[in-house]
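Following: one structure in structure tokens, then a few remarks.
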Amino acid sequence: TLILAPTGSGKTLTAFLWCINRLMFEPAPAAGQRCRVLYISPLKALAVDIERNLRAPLAGIANRAAARGDGHILPSIAIRTGDTPATERARFQREPADILITTPESLYLLLTSNAREALRFLDTVILDEIHALVPTKRGAHLALSLERLECLRGAGAPPLQRIGLSATQRP
């Protein structure tokens, strides 16, 4: 899926909304199988902004669900970039978050570490600013990492849902 819309129009939230609905209102999987959504940003600063901006809609949906008496689970979020402290990296390996926010380079490093097991149960990958990645060496490298993710998930798993986001991609 490619979501093409102007900057500031809600592309990222649109991509996350159906994931959030599933994470919050469907039964939670076992603790080691929790990481189901991967968000990839070309920039560390954007990854940090997305993590911060995602918390408000999650809290709002949780408050509304609680007011209505609907059972829900508040999804956990982890961020993994070159600036992530070793303690946070170790925590993700022990207790995978429902949503992982990362960069292409950090995804590659995750796939070469023991933490890759936490990615085995992913079902959705959101690729932000896809127009900045696809035509570059970083894009080719990311494409290989995505194929490695598919292999990690195993032959019986359905293909990953890939959602690309762009404000400037040409047809």
Side-chain angles (χ1 to χ4, degrees), residues 1-3 5 10-66 70-111 113-130 133 142 145-146 148-150 152-153 157-166:
T1 301
L2 176 62
I3 299 175
K11 291 182 298 295
T12 305
L13 184 57
T14 300
F16 270 113
L17 276 177
W18 79 277
C19 300
I20 290 170
N21 185 65
R22 189 170 31 86
L23 294 172
M24 290 184 82
F25 299 106
E26 291 182 3
Q33 301 174 4
R34 299 272 318 237
C35 190
R36 293 178 283 162
V37 179
L38 176 66
Y39 171 90
I40 302 172
S41 164
L43 304 169
K44 285 189 280 187
L46 179 59
V48 171
D49 285 347
I50 293 302
E51 188 261 345
R52 183 176 42 245
N53 294 338
L54 191 55
R55 293 198 183 275
L58 287 174
I61 294 168
N63 288 339
R64 182 71 181 136
D70 295 339
H72 65 282
I73 301 163
L74 189 60
S76 57
I77 304 171
I79 189 163
R80 174 76 182 259
T81 68
D83 297 335
T84 304
T87 55
E88 291 296 318
R89 285 186 239 150
R91 179 182 299 142
F92 178 78
Q93 188 173 339
R94 284 189 321 273
E95 302 168 12
D98 296 296
I99 300 169
L100 175 63
I101 299 172
T102 192
T103 60
E105 293 78 15
S106 291
L107 173 60
Y108 172 79
L109 293 174
L110 275 165
L111 288 168
S113 73
N114 289 335
R116 74 180 164 271
E117 290 304 313
L119 304 177
R120 184 176 299 277
F121 302 96
L122 285 171
D123 54 34
T124 305
V125 176
I126 301 170
L127 303 156
D128 207 347
E129 305 290 343
I130 195 167
L133 292 170
L142 176 59
S145 291
L146 291 173
R148 288 180 67 195
L149 270 176
E150 291 283 8
L152 175 66
R153 295 176 64 244
L160 282 168
Q161 170 67 53
R162 300 178 191 198
I163 304 171
L165 309 178
S166 178

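Bear in mind the structure is a predicted one, so any value in this text is a computation, not a measurement. We number each residue from 1, following the sequence as shown.
- The side-chain hydrogen bond (donor to acceptor under 3.5 Å, both in side chains) check on R55 picks up E51, with sequence neighbours excluded.
- Residues K11 and T14 are not in side-chain contact: their nearest non-hydrogen atoms beyond the backbone lie 4.5 Å or more apart.
- Of the inter-residue distances, the one linking R162 atom CZ with L146 atom CG reads 5.0 Å to the nearest 0.5 angstrom.
- Evaluation of the side-chain hydrogen bond (donor to acceptor under 3.5 Å, both in side chains) rule for T84 yields no partner, not counting sequence neighbours.
- Contact annotation: the side chain of N53 never approaches that of F16 to less than 4.5 Å [non-hydrogen atoms, C-beta and beyond].
- Under the rule for a side-chain hydrogen bond (donor to acceptor under 3.5 Å, both in side chains), the partners of D123 that lie at least two apart in sequence or sit in another chain are R22.
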Extract all donor-acceptor atom pairs below 3.5 Å that involve side chains of residues 24-34 and protein atoms in other chains or at least two apart in sequence.
from	atom 1	to	atom 2	distance (Å)
R34	NE	D98	OD1	2.8
R34	NH2	D98	OD1	3.1
R34	NH2	D98	OD2	2.8

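- To the nearest 0.5 Å, atom CG of residue L160 and atom CD of residue E150 are 4.0 Å apart.
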Using residues 35-43 as the side-chain source, report each donor-acceptor pair under 3.5 Å to any protein atom, sequence neighbours left out, with the distance given to one decimal.
from	atom 1	to	atom 2	distance (Å)
Y39	OH	D128	OD2	2.4
S41	OG	L43	N	3.1
S41	OG	L43	O	2.7

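- Remark: E95 pairs with no residue by the side-chain hydrogen bond (donor to acceptor under 3.5 Å, both in side chains) rule, at least two apart or across chains.
- Interatomic distance, CG of L107 versus CD of E105, reported as 9.5 Å (0.5 Å rounding).
- Separation of atoms CD1 (I101) and CD1 (I79) is listed at 5.5 Å; rounding is to 0.5 Å.
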